[in-house]
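Worksheet: the structure to be examined is printed underneath.
The structure displayed is predicted, hence computed values, not measured ones. A, B, ... follow the sequence lines: proteins, then strands. Residue 1 opens every chain.
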Number of protein chains: 2
Amino acid sequence: MTSTVDRILEAAEARVRQAGYHGFSFRELAADVGIKSASVHHHFPTKEALIAHLTAHYRGKFKEELASLPVGRARVAAYRAMFREQLELGFGMCLAGMLGAESEELPDSVAEETRRFFDMLVADLTDTLENDSGEPRRAAIAIIAQLEGAMLLARASGSIKHFDDATERLEKLI
Amino acid sequence: MTSTVDRILEAAEARVRQAGYHGFSFRELAADVGIKSASVHHHFPTKEALIAHLTAHYRGKFKEELASLPVGRARVAAYRAMFREQLELGFGMCLAGMLGAESEELPDSVAEETRRFFDMLVADLTDTLENDSGEPRRAAIAIIAQLEGAMLLARASGSIKHFDDATERLEKLI
DNA sequence: GTCTATAATTTGATAGAC
DNA sequence: GTCTATCAAATTATAGAC
């Protein structure tokens with residue numbers, strides 16, 4: 001049995017990943033969970049607080065998943081498989097990717113948590129590539145950009161094939 | 001002297017590129033132009049009609065700019081410079097990139113125009129790379145994804161340096 | 001072509017009962 | 001912790017005067 005807070009976070013994640021920060025209301029979110037919007041406000045006072053918390057939570061979940069991935073060059077392929085699976089399951093954009101696109105017009109706390117997500121990702125991949133790349137940090141940034149852009153393009157085109165095409169030679173960026 | 005329609009399109013482009021489809025209202029848009037929201041509705045009956053038209057218009061403008069770019073491999077570097085300049089001037093995401101991220105929850109006509117933008121871009125770059133790549137279409141898709149993802153990452157991180165890092169070895173994708 | 005006025009609905013958020 | 005009820009503001013959109 002999952003707590004109400006967890007169910008709110010799960011529903012909010014789905015909503016943001018499909019439609020962005022401004023693309024859904026507290027009422028829609030509450031309906032997803034099976035409660036009323038006032039009950040959502042009981043757990044998260046404002047939309048800003050909810051999405052900032054969600055983004056930090058997403059970063060934590062993501063970091064946990066990273067812990068189980070292989071090290072070295074193989075980790076890049078595992079990143080690719082992770083992103084692809086999210087697309088294939090219909091989960092929408094990466095949460096931080098969606099918020100990153102909108103970030104200039106988002107509340108500060110949300111933009112800040114989004115920034116921290118990418119800092120974490122860049123750090124993880126930079127560490128990973130330290131022995132495989134002359135410029136590990138630059139390679140890490142290029143790979144993350146490629147994955148986010150491939151997701152975006154696949155959604156825009158309505159075809160997961162675009163993700164596969166865009167990332168097939170991902171390791172050339174190392 | 002620009003027409004009211006052109007000023008509406010210009011303001012709408014800026015709004016969508018910063019905040020997305022749901023991130024602004026007709027009243028804000030009208031204020032940008034210096035008119036009332038009812039006057040915006042006179043030119044574009046609905047938000048869907050406005051943004052669908054805007055996206056088709058953006059595709060046309062983009063295609064015109066492409067006409068002045070060099071051919072062959074040098075065109076890839078010119079693409080990169082184009083995208084970078086937009087970021088540097090504070091123009092936000094690529095319009096189609098922003099709408100592509102949100103596309104699953106957008107009105108059909110808007111999603112369709114967004115798809116057509118990327119079809120056009122992929123076709124242009126595929127033609128360009130025909131003599132320089134064994135898989136010109138796949139290379140084209142990879143390059144476009146890289147550029148869109150680099151914009152997204154630069155915005156999320158608040159640093160144009162991330163765009164430069166992500167795209168420095170863009171030609172490796174050819 | 002632009003305006004004022006307004007309709008009908010939705011939004012984020014709060015008060016207070018249970 | 002959830003609800004009903006409600007608020008004030010904002011939203012997309014329309015009617016009709018000028």
Side-chain angles (χ1 to χ4, degrees), chain A residues 1-57 95 98-99 102-103 105-114, chain B residues 1-55 57 98-99 102-103 105-111 113:
Chain A
M1 39 167 281
T2 38
S3 70
T4 301
V5 164
D6 284 347
R7 279 153 56 223
I8 291 171
L9 289 173
E10 194 178 349
E13 180 182 327
R15 287 279 180 180
V16 174
R17 290 176 65 173
Q18 292 294 353
Y21 185 92
H22 299 101
F24 69 99
S25 70
F26 263 49
R27 274 175 181 74
E28 291 171 314
L29 188 61
D32 293 342
V33 176
I35 57 179
K36 297 295 176 179
S37 71
S39 301
V40 179
H41 280 286
H42 171 75
H43 297 285
F44 300 98
T46 64
K47 195 175 192 182
E48 170 173 1
L50 167 59
I51 306 302
H53 183 97
L54 168 65
T55 307
H57 177 77
L95 179 85
M98 180 66 87
L99 295 174
E102 303 173 311
S103 63
E105 291 291 318
L106 293 180
D108 286 347
S109 64
V110 177
E112 168 65 13
E113 291 298 343
T114 303
Chain B
M1 40 166 281
T2 37
S3 70
T4 301
V5 164
D6 284 346
R7 278 152 58 221
I8 291 171
L9 289 173
E10 193 178 351
E13 180 181 327
R15 288 280 180 180
V16 174
R17 291 176 66 173
Q18 293 295 351
Y21 185 92
H22 299 101
F24 70 99
S25 70
F26 264 48
R27 273 178 181 72
E28 291 171 314
L29 188 60
D32 293 342
V33 176
I35 58 178
K36 297 296 176 178
S37 72
S39 301
V40 178
H41 280 286
H42 172 75
H43 296 285
F44 300 99
T46 65
K47 196 175 190 179
E48 171 173 0
L50 166 60
I51 307 301
H53 184 97
L54 168 64
T55 308
H57 176 77
M98 179 66 87
L99 294 174
E102 304 173 311
S103 64
E105 291 289 318
L106 294 180
D108 286 347
S109 64
V110 177
E113 292 296 344

How about B:Tyr21 and B:Lys47: do any of their side-chain heavy atoms sit closer than 4.5 Å? yes

B:Phe24 and side-chain contact (heavy atoms from CB on, under 4.5 Å): which partner among B:Arg27, B:His22, B:Glu28? B:Glu28

Presence of A:Ser39 side-chain N/O under 4.0 Å of D:dG1 phosphate oxygens OP1/OP2: no

Going by the rule salt bridge (Lys or Arg N to Asp or Glu O under 4.0 Å), which residues pair with A:Glu112 if we only count those two or more places apart in sequence or in a different chain? A:Arg115

Once you round it to whole Å, what is the distance between P of C:dG1 and CZ of B:Phe44? 12 Å

For B:His41, enumerate each residue passing the ring pair (Phe, Tyr, Trp, His ring centres under 6.0 Å) test, keeping only those at least two apart in sequence or located in another chain. B:Phe26

OP1 or OP2 of D:dG1 versus the side-chain N and O atoms of A:His42: is any pair under 4.0 Å? yes

Name every residue in residues 7-14 of chain B that has at least one heavy atom under 4.0 Å from any atom of DNA chain C, in order of residue number, or write none if there are no such residues. none

Decide yes or no on side chain to side chain contact (heavy atoms under 4.5 Å, CB included) for A:Leu99 and A:Ile51, but give the supporting numbers first. CA-CA 10 Å; A:Leu99 295 174; A:Ile51 306 302; 4.1 Å; yes

Answer whether the closest heavy-atom distance between the side chains of B:Val16 and B:Thr55 falls below 4.5 Å. no

Non-neighbouring partners of A:Glu48 that pass side-chain hydrogen bond (donor to acceptor under 3.5 Å, both in side chains), sequence neighbours left out: A:Ser109

In a table with atom names and distances, give each donor-acceptor pair under 3.5 Å that connects a side chain of residues 2-15 of chain B to protein atoms at least two apart or in another chain.
unit_1, atom_1, unit_2, atom_2, d
B:Ser3, OG, B:Asp6, N, 3.2
B:Ser3, OG, B:Asp6, OD2, 3.4
B:Arg7, NH2, B:Val33, O, 3.1
B:Glu13, OE1, B:Lys61, NZ, 2.8
B:Glu13, OE2, B:Arg17, NH1, 2.8
B:Arg15, NE, B:Asp32, OD2, 2.7
B:Arg15, NH2, B:Asp32, OD1, 3.1
B:Arg15, NH2, B:Asp32, OD2, 3.4

Would you give a per-nucleotide map of nucleotides 11-18 of chain C, 5' to 3', where B means the base has a protein non-hydrogen atom under 4.0 Å away, S means only the sugar-phosphate does, and - means neither? BBBBB---

How many Å lie between NZ on A:Lys36 and C1' on D:dC3, as a whole number? 9 Å

